[in-house]
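Below, each value reflects all heavy atoms present in this structure, side chains not excepted, and no hydrogens, waters or symmetry copies.
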Amino acid sequence: KAAMLGDPMARHNLGKYEREHGNYDRAVRHFLISAKMGDENSLEDIKELFKEGHATKSQYGKALEGYRDATEEMKSPDREAVKSILEMMPI
């Protein structure tokens, strides 16, 4: 249900489930949706499926484009400033 409501992690988990059960077409669809929401793990999983021959070049390209668009949407000067401050802080 969470996946249907737009939760990228839930969608990614569905993709992992489908992949583990050999349903590669379904896995790619779930990973593609969550990659377009900015989920980096889904992008990596589509990349792996492409290398294994279970995803097409077009699907991988759409995932890359969607991921890029999603991450660009999340950028703002305020977010970038906070990110740079956090990167300077010792852990």
Side-chain angles (χ1 to χ4, degrees):
K1 187 173 181 177
M4 298 303 288
L5 294 174
D7 182 344
M9 183 178 284
R11 185 65 77 163
H12 175 79
N13 289 339
L14 282 174
K16 286 175 65 170
Y17 173 85
E18 294 295 353
R19 183 180 186 182
E20 289 170 4
H21 288 86
N23 300 319
Y24 300 111
D25 289 339
R26 286 183 174 190
V28 169
R29 283 191 300 235
H30 289 301
F31 290 144
L32 184 56
I33 291 167
S34 55
K36 287 180 177 181
M37 288 189 271
D39 185 70
E40 188 174 358
N41 292 324
S42 292
L43 180 62
E44 289 300 315
D45 282 327
I46 289 181
K47 180 177 161 181
E48 288 177 25
L49 288 170
F50 171 64
K51 288 179 179 180
E52 295 168 2
H54 299 296
T56 66
K57 185 176 184 178
S58 173
Q59 289 169 320
Y60 180 49
K62 286 178 186 177
L64 279 169
E65 185 178 325
Y67 176 79
R68 183 198 66 219
D69 291 346
T71 55
E72 284 297 317
E73 272 184 28
M74 290 185 251
K75 287 185 179 177
S76 74
D78 291 339
R79 285 179 190 242
E80 295 302 314
V82 169
K83 182 179 175 182
S84 65
I85 290 169
L86 291 174
E87 288 173 351
M88 291 187 294
M89 295 177 70
I91 295 178

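- Taken to the nearest 0.5 Å, the CD1 atom of Ile46 stands 10.5 Å off from the CZ atom of Arg19.
- Of all heavy-atom pairs between Ser34 and Pro8, the closest is CB-O, 3.4 Å.
- The CG atom of Leu43 sits 10.5 Å away from the CD atom of Glu48 when rounded to the nearest 0.5 Å.
- Atoms CG and CG, from Leu32 and Asp39 in turn, are 12.0 Å apart once rounded to the nearest 0.5 Å.
- Relative orientation of the His54 and Tyr24 rings is parallel, given thresholds of 30° and 60° on the angle between their planes.
- In the hydrophobic clustering of this structure, Val28 does not group with Tyr17; members are Ile, Leu, Val, Met, Phe, Trp, Tyr whose side-chain heavy atoms approach within less than 4.5 Å, directly or through other members.
- Atom CD of Glu40 has 12 or fewer heavy atoms from other residues, nucleotides or ligands within 6.0 Å.
- Residue Lys16 comes nearest to Phe31 through the heavy atom pair N-CZ, 3.4 Å, listed as atom of the first residue, atom of the second, then distance.
- Linking Ile, Leu, Val, Met, Phe, Trp and Tyr residues whenever their side-chain heavy atoms come within less than 4.5 Å places Tyr67 and Tyr60 in a single cluster.
- Between Arg29 and Glu18 there is no salt bridge, since none of the side-chain N atoms of the basic residue sits less than 4.0 Å from a carboxylate O of the acidic one.
- Put simply, CG on Leu49 and OG on Ser42 are 10.5 Å apart, with the number rounded to the nearest 0.5 Å.
- Between the side chain of Asn23 and the backbone N or O of Arg26, no donor-acceptor pair lies under 3.5 Å.
- Here CE of Met9 is found 11.5 Å from CE of Met37. Values are rounded to the nearest 0.5 Å.
- Rounding to the nearest 0.5 angstrom, the gap separating the NZ atom in Lys47 from the NZ atom in Lys51 is 4.5 Å.
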